Structures are given as C-alpha cells and as structure tokens.
Q: 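Got a structure for you, written out below as structure tokens; questions coming shortly.
Please read all numbers here as calculations on a predicted model, not as lab measurements. Because only heavy atoms are used, hydrogens play no part in the values below, and waters and symmetry mates are left out as well, while side chains stay in.
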Amino acid sequence: SIQKKESTNFQDQNADFMTACKPVNKTDANNLLNHFSTVKAVAMASRDELALCEGLGPIKVKKLYEALHKPFSKLQARERRRKAAAKSAMNVQDDKEISEKGNDTNLPEDQASETEL
C-alpha cells in the first residue's frame, strides 16, 4: 500500500501544515517559508504581504488568509457546514428543476425547441 512519507525535518513539517489549505502546494509553502522565515510570520502577514510571495495569485492569497484567520469554533464550523449543505441542496433542486423543464412536453413547439438548445 502507498503511505505518506513522514516528515522528519522542521521545514517539511511546516510545509505539511501550510499545504492543509487546499490551494497551497508544497512549492508555495516553501516559497512562503523562504519569504517570511516562520509560520508565525506567514500567519501574521496581511493579504497584500502574502500577495508579494512568488507563486501566490489572488485566489491562493484569499484562501490562505481566510484559513489562517477564521476562528476555530465548533459552533461556527457547524454553521458553515449547515450553510454549505443547504446551498448544495438548493443547487440539486435547481438542477432537478432545469432537467424537468428540459423534458416538458407541454410546451408549444417553438418554446420546446428553444429549451433543447
């Protein structure tokens, strides 16, 4: 079986920590550590300071900054999961309605051909 190599040195452990944020890869983590020297300095950096780091575009900067500054609250995490589930359910319902409209045979012929496009 394939197992993840255990990080033994400090640099690798820091990189593993920072790559837990989805868009940040190991190269980004190493660039951040080279630029800021410590994880604490990365965490204290503003969005503008993070954007100065090589390889980090606006999406990575936004997601990394949010990951480092969102509070670690079970209540807030539960609320975020609830909102995400509700949003997902709404998307599924919207998809279902769109699918049903595409299969509606009661539309006049000219409207039915428009929905097939």
Q: Could you pull out the closest heavy-atom pair between N25 and T27, with the gap in Å?
A: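 The answer is OD1-N, 3.1 Å.
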Q: Say you draw a straight line from OG1 of T19 to CG of N30; how long is it, rounded to the nearest 0.5 Å?
A: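 Spacing of OG1 (T19) from CG (N30) equals 9.5 Å.
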Q: State which residues pass ring-ring contact (aromatic ring centres under 6.0 Å, His included) with Y65; sequence neighbours excluded, sorted by chain then number.
A: H69
Q: Is there a path of hydrophobic side-chain contacts, each under 4.5 Å between heavy atoms of I, L, V, M, F, W or Y residues, that connects L64 with F17?
A: yes
Q: Heavy-atom distance under 4.5 Å between the side chains of D12 and K26, does that happen here?
A: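 Yes - at least one pair of side-chain heavy atoms lies under 4.5 Å apart.
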Q: Residues two or more places apart in sequence or in another chain: which of them pass side-chain contact (heavy atoms from CB on, under 4.5 Å) with K83?
A: E79
Q: Any pair with a residue in residues 31-41 that passes side chain to side chain donor-acceptor pair (under 3.5 Å), sequence neighbours left out, goes on the list, sorted by first then second residue, please.
A: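 Passing the test, one end in residues 31-41: no pairs.
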Q: Report the residues that fulfil side-chain hydrogen bond (donor to acceptor under 3.5 Å, both in side chains) with K62, sequence neighbours left out, ordered by chain and then residue number.
A: E66
Q: What pair of heavy atoms forms the shortest contact from L33 to M18, and how long is it?
A: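 That would be CG-CE, 3.3 Å.
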Q: I'd like a table of donor-acceptor pairs (distance under 3.5 Å, sequence neighbours excluded) in which one partner is a side-chain atom from residues 48-61, with atom names and distances.
A:
unit_1	atom_1	unit_2	atom_2	d
E49	OE1	S46	N	2.7
E49	OE1	S46	OG	3.4
K60	NZ	D28	OD2	2.6

